[in-house]
K.L.:
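Let me begin by handing over the structure; questions about it come next.
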Amino acid sequence: MYALLLLAVDLHGGLHLYVGKYLKKMKVDILFLTAHPDDVELCCAGTVFSHIEQGATVGIVDLTAGELGTRGTPELRAQEAAEASRIMGISFRENLRLRDGFFDLSESSKLTVVRAIRKYQPEIVITNAIRDRHPDHGRASHLVSESCFLSGLPKIETQENGIDQKAWRPRQIYHMIQDRYISPEVCVDITPYIEKKMEAVIAFKSQFYDPLSNEPHTPISGLDFLEFLKARAREMGRLIGVEYAVGYTTVGPVRKNNLLS
Ligand SMILES: [Zn+2]
């Protein structure tokens with residue numbers, strides 16, 4: 001018995017391992033699957049810093065390019081996302097190019113997300129809030145949750161670069177808490193990372209507070225919004241007795257081997 005092993009590097013620098021007819025992308029521990037470039041930074045950059053420092057691998061798959069954003073352009077958002085990714089030290093970032101504002105829960109959308117899940121084989125997926133001010137967030141949360149389930153069904157056949165993908169179901173899904181308050185079920189201490197988180201956020205210069213910008217004012221472009229982000233982290237921190245934290249809700253019970261961890 002032997003398996004055909006082949007290593008290849010793609011145009012984006014990603015390392016692929018071919019085992020027989022299956023394409024095995026390097027696995028990631030935590031995969032963010034979120035509607036817009038900047039969702040992860042706004043909500044979870046502290047979680048990213050914390051888990052990378054603890055040895056986890058983290059990747060981001062943006063569902064859309066954020067092309068409907070009032071300020072900036074998709075090209076500028078892509079540059080800003082690359083800078084934020086560099087600051088956070090994530091392993092990769094990919095954009096699925098679904099339609100900002102109009103992506104749906106169709107079979108085609110779900111298969112697009114299933115391909116991404118199978119490609120990166122995450123242990124944990126973190127996605128948008130179950131409901132929020134921006135309707136894309138709640139819709140993305142449904143799309144990603146259903147796709148995580150479907151991804152585990154072997155009879156749904158998908159391919160990546162012409163190679164069959166294996167079924168894969170993440171063992172846990174967490175939902176962000178974004179603009180609208182939702183009572184958290186899990187809070188992650190991000191106290192040591194709060195300033196680095198804000199650095200990753202303001203990498204999106206076109207979207208957030210920039211006193212030199214001539215673009216229209218939006219609900220997220222004022223200094224008050226950056227203060228709100230810190231205040232929310234303070235609020236979540238208070239719930240678990242630390243200075244700053246980020247809160248999540250979950251789908252199903254959280255598996256623990258040790259209640260002390
Ligand atoms: Zn968003």
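Counting convention: from 1, in listed order, for ligands and their atoms alike. In this text the structure is predicted, and so the values were computed from the model without any measurement.
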K.L.:
Give a yes or no on whether a salt bridge exists between Glu41 and Arg77, defined as a side-chain N under 4.0 angstrom from a carboxylate O.
P.N.:
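Salt bridge absent between Glu41 and Arg77.
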K.L.:
Is a salt bridge present between Glu243 and Arg234, judged by a nitrogen-to-oxygen distance below 4.0 Å?
P.N.:
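A salt bridge links Glu243 with Arg234.
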K.L.:
Between Glu80 and Lys205, is the closest basic N to carboxylate O distance under 4.0 Å?
P.N.:
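No, Lys205 and Glu80 are not salt-bridged.
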K.L.:
Please determine whether a side-chain nitrogen of the Lys or Arg among Glu160 and Arg115 lies less than 4.0 Å from a carboxylate oxygen of the Asp or Glu.
P.N.:
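Looking at Glu160 and Arg115, the cut-off is not met.
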K.L.:
Can you list the protein N, O or S atoms less than 2.8 Å from the Zn ion (ligand 1)?
P.N.:
His36 ND1, Asp39 OD1, His137 NE2
K.L.:
Would the Tyr120 and Phe92 ring centres measure less than 6.0 Å apart?
P.N.:
yes
K.L.:
Salt-bridged, Lys230 to Glu195, with N to O below 4.0 Å?
P.N.:
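The answer is yes: the pair qualifies as a salt bridge.
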